[in-house]
Each structure stands twice: as C-alpha cells, then as structure tokens.
Amino acid sequence: MPKWLVSLTLLIPLSACQLSPQGARNTEIVKGQQDPASYHYLQLDNGLKVLLLSDTALAKAYASLTVKAGYYQDPEQMPGLAHLYEHMLSKGSQKYPDAAEYKQFLADQGGRSNASTSAQATNYYFETAGDGFEPALDRFAWQFIGPLLPAELVYKERHAVNAEFSMKFQDAFRRKREVMRTLFNPEHGYRKFSTGNLDTLQDSENLTLHKAMTDFGQDYYCSSRMSLVLAGPQSLAALEQQAKDKFSAIADNCRKALVSQPAPLLADEPRQVDIKTLRKRQRLTLSFPMPSSQVGRDSMVDEYTEWLLESFNPNGLENYLREQGWVQSLSASISYLDDKHELLSIEFVLTNSGKDQQSTITAATHAYFQMLREQALNPSVFKLFARLSATRFDNSPEHVGADEVRQLSRRLLEYPASQVLSQGYLSSGFNPSALAAYWAAIKPENMLVVREGRNLNTQSREPIYQTEYQRALIPDWTLAELVFTPPSVSPYFAEAETHTVANALQHQSLAGLDIWYLPPRRSADSYTAITLYIDSHSKGADFDALNALREKRLEQQLEPILEQASAADIQAGITATSTGMRLQIKGQSGNWSALFSDLLGGLEKQTLSDEAKKQTLVRRINALEGFERERLTVQSSRLLDHQLGLASLPSEDLLTLRDLQESDYNQFVENYLNNARMTLVVYGPVPSATVDALGQRVLALQRNIQEQANATTMWDGEWPTPLQTRMIEGSDSAVRLVLQPKAQTLDDIALVELLGSMLKAPFFHQLRTQEQLGYTVRAGAEQRRGIHYLGYFVQSPVASAAQLHGRIARFNLDFLPSLQALTQMEFDALKANLLDALRQGRLNSADMETELRTHIRYGRTLDWQEQLELAIQDLPLETFQRGATSLLTLPLNGLLLEAAKG
C-alpha cells in the first residue's frame, strides 16, 4: 500500500499548534483541527529529541524510543548483531537487574512491549495502563542508561534470534530480498544479512559475541542519536517532567561515527536476477535506486510517483497490461536504502501469457514514465494529487495507539519536528525541478530486474535461505510508442464533511433482511461504515471451496470499482465467511450510495470472461497447494477452525476445485441468494433516507425469501475440540491449544479475560526467555466467532508437539500457587489495568463500529461490552480463584502440529 494511502490516526486536518519549550528554539508542530491531542517538542541537554502527546481520552500511556543505529552498523563478521542487541536490551539493567522483571511489570500493569530493527534505526516501545507509566518509564529508560547484557543470556538469546530466522525461512519476501542484495554494491549496507542466526552470531577468532555486543552499544547508542515519544492522558507538563527526569541520564558518548553509505550500484555489473520460488508464483519486479533529500520529501515526489503508478487509471500502465492479458496486478513501493537513496520498486504479478513478455512490459513501463515526464509535470495534475492527499490528512480525528506512537518516534528521528505529523501528507508546493530530478533516475542503466518463478533456470544458491538463483544481463528492449494519460479523480471521492446527524438507533426486520442503523457514538464524526452480511440458507459439502472461489472471482470482477474506491480513500472489500459473504465499505467521506450500489451489481451478475474464470481457479488451486508452506500460525488457525466445524480442510477444497465443472459453479452462484438471510449494518452520520434507499437496494437482490430466524454464527454448548495430531512439513513443531469454560456467561468470559491477562507474561518468560522453546510463544484470552477461551500457541524448532503439550499442561499446574497467592490489592490492579486496555480499544470510530457490528452478528445486546466490563469489575477474588483453578486443571484440547524431522 502506498504511503499516500495509509490512514494513520495521527494524520488530521491542518491547523497550528502550540509549543515553546524551555531551553529549545520555538518549534510549531503542524497538526489537525480535529486532532484530539496536544503536542510539545523539546530537546534535552544531552541532545535527545522528545515529542510529547497529551490526550485525556487515552486509557493507556505509551513510550517509544528510536535509535539511529541498525543492521547497517553490524560488524562484517557478525551479521544480525544489531538485532540481537535489540533483543538483549530488555534483559536487565543496572537498576533493574532481573531479566524477567521488565516484561512482568508491564504485564502486571496491563501493558506490553516490543522492538524492531531496520537498516539504520532500531525502535523500542511499551504501553501500560493504570498508574504504571512512571515506574515502567523508569525501567524503560534504564535499558539505555545502563544495560547489563549478561553474557549467559547473550548466548541463550541468540537461539531466539535463530528461531525467528527459522520461522521465516520460507518467507517469499525475505528470500527475494536476500537474493536481490547480490545486485548491490558489496560495500553498501543493503548487502548485509539483517536477521542473524546461529551461524553468524557466534564468537569469532579475535572477538567474542559478548564483547561485540557490549562494543555495539558503546559505539552507536547515545542520546543525540535518539528520539523519544511519550503519549498518554497526562498533562504536557507532567510528561515533560518525566522525560527530563528519566532520560537526561542517557550518555551522549558514541565511540563511532555513522559512516555514509557508498553508491548503491556498481558500474558494468549484471542488473537482472532470476529466482526459483517455492510456490507457483510468476512475478517481475523493476527497481530503481532513487535520490532522497529533504527537498524531495517536502515536495512529496515519492508519494506523487506512487500515486501516478498505483491509482486507478483506465488510461494507465496497469490497465493497459491487464488488457493485454499479461499481468494480474501492479504494485509500487518505495523503501529505504540510506540517507541519500531509496528504492522504487514496481512489481507485476504475471499471468501465464505474461511470463514471456518481460521486454514488452519493461518497454511499456518506461513509456509510461516518459508520459509522466511530459504530462505529470503539469501543475494541474499535481494539484489533484495534493488535494486528495490533503483530504486524507483531513480525515482522521482519531486517538493514537501503539503503532502510531512508534511511527511518530521514527519520524521524529528523520524529519523536522514541525513536520513530524504532516511530512508526506502535506506538500510544500508544486516543485517541477525536484520531480524532474527524481524521475531522471528512472532510466535503463539504473534499472534492476528480478524475475520469480518455479521453472526458471538457476546456477547459484544464496547461502542464507538456500534460494536458487541466477544473475543475468537484462534482455534488449525498445521504448514502446503507447498513449497513456495521468490518473483522474475517483467518482467515489467526496470532500471531507464533519457533521452530526440526530438520527436515533433503528432496527428493522423484514423477510430475509435485517437493517440496523447505528448513529455515530460521538458528535462531529464523519466516519461511516456500511456492511452487508449474506448468510446462506443451506450449505453443501463443497460450500467452503466454492465460496472462497466466488470471493476471488468477485474481487477480480469488481477490481476497477475497488481500486476507484481505494483512490477515494475508501476501504472496500468482499470477504468469504463460513456461512456466506461479507461486503463492506468504510472511510471518512465518500459517495457511499453509488459505491455500494455498484458493488452490489457484482452480486447480481457474473461478468468475468472464461479466461478470467480459469485464471482465478488456477490461482486458488495454487494457493491451496501452497498451504503447507504457510507459517504455522496460519496453518494451525485454519486447522483448528476445521476441528471446530468452521472450515473445511484445504485438501478437501483442493479435491473439489481440481474436479470443478463450471456448470456446477454457475449453479452454485445461481442459488447463492435463494433464501439467503441478509443483514445490513450502517454506522455513521448517514441520513435516514439514505439508509432506507440502501435497504431497498439490498431487497432488490432477494430471491425466494421466506420469513426465517436471523442467521447466527454463535454456538450453544461446548466446541467439539478433541486433541488432534497432524504431521507437517518443515523442521518446527507447533501447538494451538484451547481451554474453554463450560458456559459463556458474562462472568465466565470475565474470568477468561482476567486469567489471560495474568498468565501471559510468565508464560512468555518461562517458555520463550528461559527455556528458548521457540520464537513465537503466547498465551492469553482469545475468541472465535463469539466463543471466548484461553488460547496457547507455541512454535518450536527444538521440541516436539507432544512435548510442548506436556510443557503447557505443566505450566498451568505450576501456575496454580501464584493464582492462590493473589491478593485483593493485586486483583484490583489486574482488573483496573484490563478495563483500561479494553476501553483503549474502543476509543476510535472504526473500533466502535466493529464492536457494535460484532454484537449484532452474535445476537448480543449493543451494550454487551459495557456489561462485560461491569462483570469484570464485580467479579469477587474468591470466585475468580475457584473458577480459574477449575479451568487450568481441565485437559488441553486443540491441535498438535508434529514436524516430520529426518
């Protein structure tokens, strides 16, 4: 997804905001009129940049710190060291030496933490509820003031890094990236292996891993290379005091300077690489190292370029290639290379006929850019883009969460503080010279080509992921003489309009159709969501296979409409459910009636060509054949759904689709709406007349409707979840286990939520940190289709599924003394922190709409969430201890995925 289409909750309408910190020059942060937060910027005496965000509606508080150091700074003999350092930083400090104390404290406060390492930056963050922010902040700051980095844990934690590497060993993106690195200058940081594994993270002849670890922090981690964001319900003054008190002690004493990167490419080197893929995928990627500068960023040259490539355009490159039958889709992305360069990549998903059209696709791409140089330098085209971008910036009066705070921390390190919210969303103005200089880099001699396919010839093997590949010269091609034009405005685009509608909640039950109108929960909110559920009256044995195929065919048939909706900043989609289909559109502004009606048209009539039907069938079969190469989290979730009666097996779907007769599919579609039960849910400031018109449009779909009870997806009684074992490919085993209370009363669900909050941190610490059973280790409260339960997932390269099952059962028994030792004060704090976390998840309009729609879907009252929170508040300690003990001593049901090793 292009950056110009990302709707961060921080990107809000333009106005000016305060700030005049002591000891720093005045910095006026550009923020939006509907932004509920207040901002304050300061720079500490040690050079640390700080952005403060105060929003009294927040139920949680957040801190995120980004360091300008990443895997580009890894020593040559130890790839992955920056990543390992990121893991180690939370494993104890001089003031808080216990390696488990930090995460346990956060869990006790209803919080969590995480970190990530990129090329030249590493981000750390935590969130917490209740009164835990100040003591959590102290623990967080001491990770940077005085990390311990104990040697015994360094050598243990490298196994966690290796488990993360192993878990993503078959990840197509990582395999492609590692081979693509071979096209770059060996001296450039992009050539480095970023993750690390046991082979790279070990003592070398002249340097131990532990010494390299301590050196890395002293060399690159210093306050003037850090940016910090604190966000919460506290006042700006209180947040500023915390920043000064906690982070002024970070030393500014980096021993090494950050070295500038050399040119990304070398002259006279092969520019193409062919990659043999594990799955049936045929892709062509054209990439260009591009110049990066603050002038270009202010002019939004990369966002404008992405928009020109990706926005729906009947006279554009993607539509032309589709009409030729060569590509299924086109996507553009821009990624970081270094402070002066970025990488523009245009990826084409090829059809069978397109796999031999590399030269013609390349020629058409360069012809499109030739048109851009001639026509897109017209200020009127840029003005359209800037108007769309500013409208998106004007469309999100949202409260921040963890993702937005982390993003702010990274942006504060990269951009001027005054532009930390608006950079990339509000242009400094049309700058033809900046655009011309940027597009000048899109030339044949600067082009890299990556081809992907299962049947490509290869002669080399990449050593990290063992991917087969071959470097080659780019085949000759000649600039095509084609007629293209830039994109135009989407017919579904509408200027942002914030207003209040006085309509009250309405519910109308008709034959075959329920209509719910849910007015916005807060005033002056333009967020709108329109959702239609179609639930089949009867399901045959092949329903899941045919329904999933219908979803893919509808997506392809309606793709022009979906893309035009996306160009108007509207999220539109069609999703297959276990009982039918869900159609949804949502956003801050749009021509809702026209878009919804156009999408419904796809349900009424099939318009795909025979060739397009064949392509979708082949792609669906390929996806099912690749199921065994999916991550174990994905595999186990689908297989558990099968155990619960929610989904068929992929192998069953494969049998259906391989023998599919189009006449049978056509009959399935013809009968799809017969006696189907439909539910229309409209949320937002939509006039009653429009809601009525939408309902009438849905009624026009109905066929052979009889009065019947509203379809529901919630069960009565227990799930059929016996323990099952399945053999899988690969070297890792995994378990996905379930402990479900016998009833689903509010008190039972409250107990599950509280118990999940209590045990997730010790479970992670014991199985992940201490025992290193695997990288993905989690336990906590979960739900599937309205059923709440205690869920466990562990993926392990060192233990069998049976061993993991036994270890989790032992953990539950070992946890009982902690449960019985819980004091009333601790229990009250557990409740308060859980309630804060639940309320934080309901602050924004999209979350509110999803919650209310879910209650309707599962036959709950619309105030169900408030009732659950009351049940949590009122649950007695003795009742919780008794019920939790009973639950933890039940047999673990679910799924064991056993790796067929050796």
Side-chain angles (χ1 to χ4, degrees), residues 53 55-64 90 96 98 100-115 124-140 229-234 238-239 242 399-406 746 749-765 768-769 777-783 788-792 815 818-819 821-844 847 851 865-866 868-877 880-881 884:
L53 185 158
D55 181 355
T56 56
L58 294 179
K60 283 189 172 185
Y62 305 87
S64 179
S90 63
Y96 302 98
D98 186 343
E101 200 270 350
Y102 173 60
K103 286 188 178 291
Q104 182 61 61
F105 179 84
L106 290 177
D108 292 342
Q109 301 300 319
R112 59 179 180 141
S113 66
N114 210 337
Y124 303 84
Y125 99 97
F126 77 84
E127 61 185 72
T128 184
D131 298 325
F133 186 59
E134 188 275 334
L137 199 62
D138 196 52
R139 288 160 171 80
F140 184 67
V229 175
L230 303 183
Q234 298 89 344
L239 291 172
Q242 292 291 347
H399 304 277
V400 300
D403 291 342
E404 291 76 32
V405 172
R406 296 183 78 177
L746 286 168
I749 296 172
L751 185 148
V752 168
E753 292 287 339
L754 284 163
L755 182 56
S757 294
M758 185 178 177
L759 61 76
K760 63 182 179 181
F763 184 84
F764 180 90
H765 176 67
R768 160 70 167 75
T769 304
V777 175
R778 58 175 178 260
E782 299 180 14
Q783 63 170 306
H788 293 249
Y789 59 93
L790 207 59
Y792 305 81
F815 190 73
S818 299
L819 185 65
L822 188 67
T823 67
Q824 185 64 52
M825 182 178 296
E826 292 169 335
F827 188 51
D828 289 342
L830 181 68
K831 286 182 176 181
N833 294 329
L834 174 60
L835 290 172
D836 280 346
L838 293 175
R839 290 163 185 160
Q840 178 69 21
R842 303 168 59 216
L843 285 180
N844 292 320
D847 301 320
E851 175 191 305
Q865 190 68 32
E866 290 87 342
L868 173 61
E869 291 173 6
L870 284 174
I872 292 171
Q873 184 65 55
D874 295 340
L875 188 66
L877 173 58
F880 170 72
Q881 290 172 319

side-chain contact (heavy atoms from CB on, under 4.5 Å) involving Ala837 - partner list, sequence neighbours excluded: Lys60
I need the minimum non-hydrogen distance between Ala231 and Val400, along with the two atoms involved. CB-CG2, 4.5 Å
Between CD of Glu753 and CD of Glu782, what distance do you get to the nearest 0.5 Å? 10.5 Å
Does a side-chain heavy-atom distance below 4.5 Å link Asp108 with Asn833? no
Least distance between heavy atoms, Ala781 atom then Leu790 atom: N-CD1, 4.1 Å
Walk me through it: do Leu877 and Leu822 pass the test side chain to side chain contact (heavy atoms under 4.5 Å, CB included)? CA-CA 8 Å; Leu877 173 58; Leu822 188 67; 3.8 Å; yes
List for me each residue that meets side-chain hydrogen bond (donor to acceptor under 3.5 Å, both in side chains) alongside Gln865, sequence neighbours excluded, and say none if there are none. none
For Ala115, what residues pass the side-chain contact (heavy atoms from CB on, under 4.5 Å) criterion, not counting sequence neighbours? Glu86, Tyr124
When rounded to the nearest 0.5 Å, the distance separating OG1 of Thr823 from CG of Leu830 is 10.5 Å
Test of understanding: with salt bridge (charged side-chain N to carboxylate O under 4.0 Å, His left out), list the residues that count as partners of Asp131, not counting sequence neighbours. none
CA sep, side-chain torsions, deciding dist, call: Tyr789, Val752, side chain to side chain contact (heavy atoms under 4.5 Å, CB included): CA-CA 6 Å; Tyr789 59 93; Val752 168; 5.6 Å; no
Closest heavy-atom pair, Leu106 versus Glu127, reported as atoms and distance to 0.1 Å, is CD2-O, 4.0 Å
Tightest non-hydrogen contact, residues Asp874 and Lys831, listed as C-NZ, 4.1 Å
Considering all heavy atoms of both residues, which atom of Ala821 and which atom of Glu826 are nearest to each other, and what is their separation? O-OE1, 4.0 Å
Partners of Glu869 by salt bridge (charged side-chain N to carboxylate O under 4.0 Å, His left out), sequence neighbours excluded? Arg839, Arg842
For Tyr792, the ring pair (Phe, Tyr, Trp, His ring centres under 6.0 Å) test, sequence neighbours excluded, returns Phe763
In chain order, what residues pass the side-chain contact (heavy atoms from CB on, under 4.5 Å) check against Arg139, with sequence neighbours excluded? Tyr96, Glu101, Tyr102, Phe105, Pro135
Does the side chain of Lys103 reach to within under 4.5 Å of the side chain of Thr769, using non-hydrogen atoms? no
By ring pair (Phe, Tyr, Trp, His ring centres under 6.0 Å) - contacts of Phe140 (at least two apart): Phe126, Phe144
Excluding sequence neighbours, so at least two apart, what forms ring pair (Phe, Tyr, Trp, His ring centres under 6.0 Å) with Phe880? Phe827
Min side-chain heavy-atom separation Leu53-Tyr62 under 4.5 Å: no
Would you compute the distance between atom CD1 of Ile749 and atom NE2 of His788 and round it to the nearest 0.5 angstrom? 4.0 Å
Taking atom CG of Asp98 and atom CD of Gln104, what is their separation to the nearest 0.5 Å? 9.5 Å
For the pair Gln840 (side chain) and Leu58 (backbone), establish whether a donor and an acceptor sit closer than 3.5 Å, ignoring hydrogens and angles. no
Minimum-distance pair of heavy atoms, taken over all atoms of Leu759 and Ala779: CD1-CB, 3.6 Å
For Gln234, side-chain hydrogen bond (donor to acceptor under 3.5 Å, both in side chains) partners two or more places apart: none
For the atom pair CG (Leu137) and OG1 (Thr128), what is the distance rounded to the nearest 0.5 Å? 10.5 Å
What residues form a side-chain hydrogen bond (donor to acceptor under 3.5 Å, both in side chains) with Arg778, not counting sequence neighbours? none
Got Leu843 and Asp55 here, is their nearest side-chain heavy-atom distance under 4.5 Å? no
So, using ring pair (Phe, Tyr, Trp, His ring centres under 6.0 Å) as the criterion, who are the partners of Phe815 when residues are at least two apart? Phe811
